[in-house]
S.K.: 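Got a structure for you, questions after.
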Amino acid sequence: MRIGRLISLGSVVCGLALAVPQAGAVVAGREGGPLGGSTLMVLNARGGVCTGIVLSPRTVLTAAHCAAGGTELRIHWKDGGEPVLLPPAAVAMHPDFRANAVATRQRSIDLALLRLSQPLPGRFRPADLRDGAPPRSGAPVVLAGYGVSREGEARSTGVYRSAALAVVEPYGPGKLLLWAADPVGAGKTPGPGACQGDSGGPMMERDGEGVIAVTSWSTGPLGKSCGLLSQGVLVAPQRRWIDGTLAGWGERANWSPGS
């Protein structure tokens, strides 16, 4: 299957545990959804679009390929209809992220933390991260992000959308990654899922509150990049890195037990 890049407007390459490239926005989803007040957009100088998850007033969690290659980043939201572009003061890439993982067949953890130069407005609420065991196959999940609503149409980015999916295990149960797909198509026929611009966005449990994974790539049918499988990096196995990095910045994340 062909894998589409979640940061489709740019040309950053990454890989995950199975050494596959990343995905792309919520196609066939609905506008709005849980954690809309805990997310924003991450833009890079090459025109790349990603989603970011607010962990504290000064820190954002996203996908590492969104920040790879030394490209200049901006955290983006709108204030009273006016765009705000805030550069991060620091970027921490997961030490196991490998930008060339696809070519070298290496495992790669596609996560990055961004430290902001000033606090976010009070309307942004830090998201809860879920600790504990990953959800089992068939469990409901909600995927959300600011990516395109129609594959290849860059103008459809910038609106927060979400889709109800279910956990699937196309390569067997994983300890680092989560795969999800439309419950009806089960990743074999087209349905809702991640697409260009959703990288770094939340994959949540049924209640739509706690983040269990960070979206990193998607697959699509017949040469497309979106509409079949959506994949994310589980956050619980990376808690030590997340907490350690944030502590070094004088920050902390909110964690809650998995259901």
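Predicted, not measured: the structure shown is a model, and the values here were computed from it.
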S.K.: Any link between Val42 and Val159 through a network of hydrophobic side chains (Ile, Leu, Val, Met, Phe, Trp, Tyr) touching at under 4.5 Å?
M.R.: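 Hydrophobic grouping puts Val42 apart from Val159.
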S.K.: Please determine whether the number of non-hydrogen atoms from other residues, nucleotides or ligands lying under 6.0 Å from atom CZ of Arg239 exceeds 12.
M.R.: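 Enclosed: over 12 neighbouring heavy atoms sit under 6.0 Å from CZ of Arg239.
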S.K.: Can you measure from CE (Met93) to CG (Leu114) and round to the nearest 0.5 angstrom?
M.R.: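 Those atoms lie 9.5 Å apart.
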S.K.: With a 4.5 Å heavy-atom cut-off, do Leu113 and Leu55 have their side chains touching?
M.R.: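 Yes, their side chains come closer than 4.5 Å.
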S.K.: What is the minimum heavy-atom distance between Pro183 and Ala164, and which atoms define it?
M.R.: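 That closest heavy-atom pairing would be CD-O, 3.8 Å.
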S.K.: Just so I know, are the side chains of Leu111 and Val214 near enough to count as touching, which here means a heavy-atom distance under 4.5 Å?
M.R.: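 Result yes, sub-4.5 Å side-chain heavy-atom pair found.
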S.K.: Please tell me if the side chains of Val142 and Pro34 come closer than 4.5 Å, counting only heavy atoms from C-beta onward.
M.R.: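 Touching, per the 4.5 Å side-chain cut-off.
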S.K.: With side chain to side chain contact (heavy atoms under 4.5 Å, CB included) as the test, pick out the partner of Leu246 among Arg58, Glu251, Arg252, Arg115.
M.R.: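 Only one of Arg58, Glu251, Arg252, Arg115 forms a side chain to side chain contact (heavy atoms under 4.5 Å, CB included) with Leu246, namely Glu251.
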S.K.: Would a 4.5 Å heavy-atom cut-off, applied to side chains only, mark Leu143 and Thr215 as touching?
M.R.: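 Result yes, sub-4.5 Å side-chain heavy-atom pair found.
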S.K.: Are there more than 12 heavy atoms of other residues, nucleotides or ligands under 6.0 Å from atom CZ of Arg155?
M.R.: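 Check fails, neighbour count at 12 or below.
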S.K.: Let me confirm one number: the CD-CG distance from Glu169 to Leu177, rounded to the nearest 0.5 Å.
M.R.: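 If we round to the nearest 0.5 Å, Glu169:CD and Leu177:CG are 12.0 Å apart.
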S.K.: Rounded to the nearest 0.5 Å, how far does CG of Leu229 lie from OG1 of Thr219?
M.R.: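 Interatomic distance, Thr219 OG1 to Leu229 CG, rounded to 0.5 Å: 4.0 Å.
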S.K.: Using a 4.5 Å cut-off on heavy atoms from C-beta on, say whether the side chain of Pro134 contacts that of Ile212.
M.R.: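 No, side chains not in contact.
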S.K.: Looking at side-chain heavy atoms only, is the closest gap between Val148 and Ser156 below 4.5 Å?
M.R.: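 Yes - at least one pair of side-chain heavy atoms lies under 4.5 Å apart.
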S.K.: Report the residues that fulfil side chain to side chain contact (heavy atoms under 4.5 Å, CB included) with Pro95, sequence neighbours left out, ordered by chain and then residue number.
M.R.: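 Scan of Pro95 (side chain to side chain contact (heavy atoms under 4.5 Å, CB included), adjacent residues dropped) gives Trp241.
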S.K.: Considering non-hydrogen atoms only, spot the tightest contact between Val235 and Arg130 and give its length.
M.R.: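 Where Val235 meets Arg130 most closely, the heavy atoms are CG2-O, 3.7 Å.
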S.K.: A side-chain contact here means heavy atoms from C-beta on lying under 4.5 Å apart; do His65 and Phe97 qualify?
M.R.: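 His65 reaches Phe97 side chain to side chain.
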S.K.: Could you list the residues that satisfy side chain to side chain contact (heavy atoms under 4.5 Å, CB included) with Ala127, not counting sequence neighbours?
M.R.: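 Side chain to side chain contact (heavy atoms under 4.5 Å, CB included) check on Ala127 returns Leu35, Ser38, Ile53, Val211.
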S.K.: Do Glu82 and Trp77 touch side chain to side chain, with heavy atoms closer than 4.5 Å?
M.R.: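 No, too far: nothing below the 4.5 Å cut-off.
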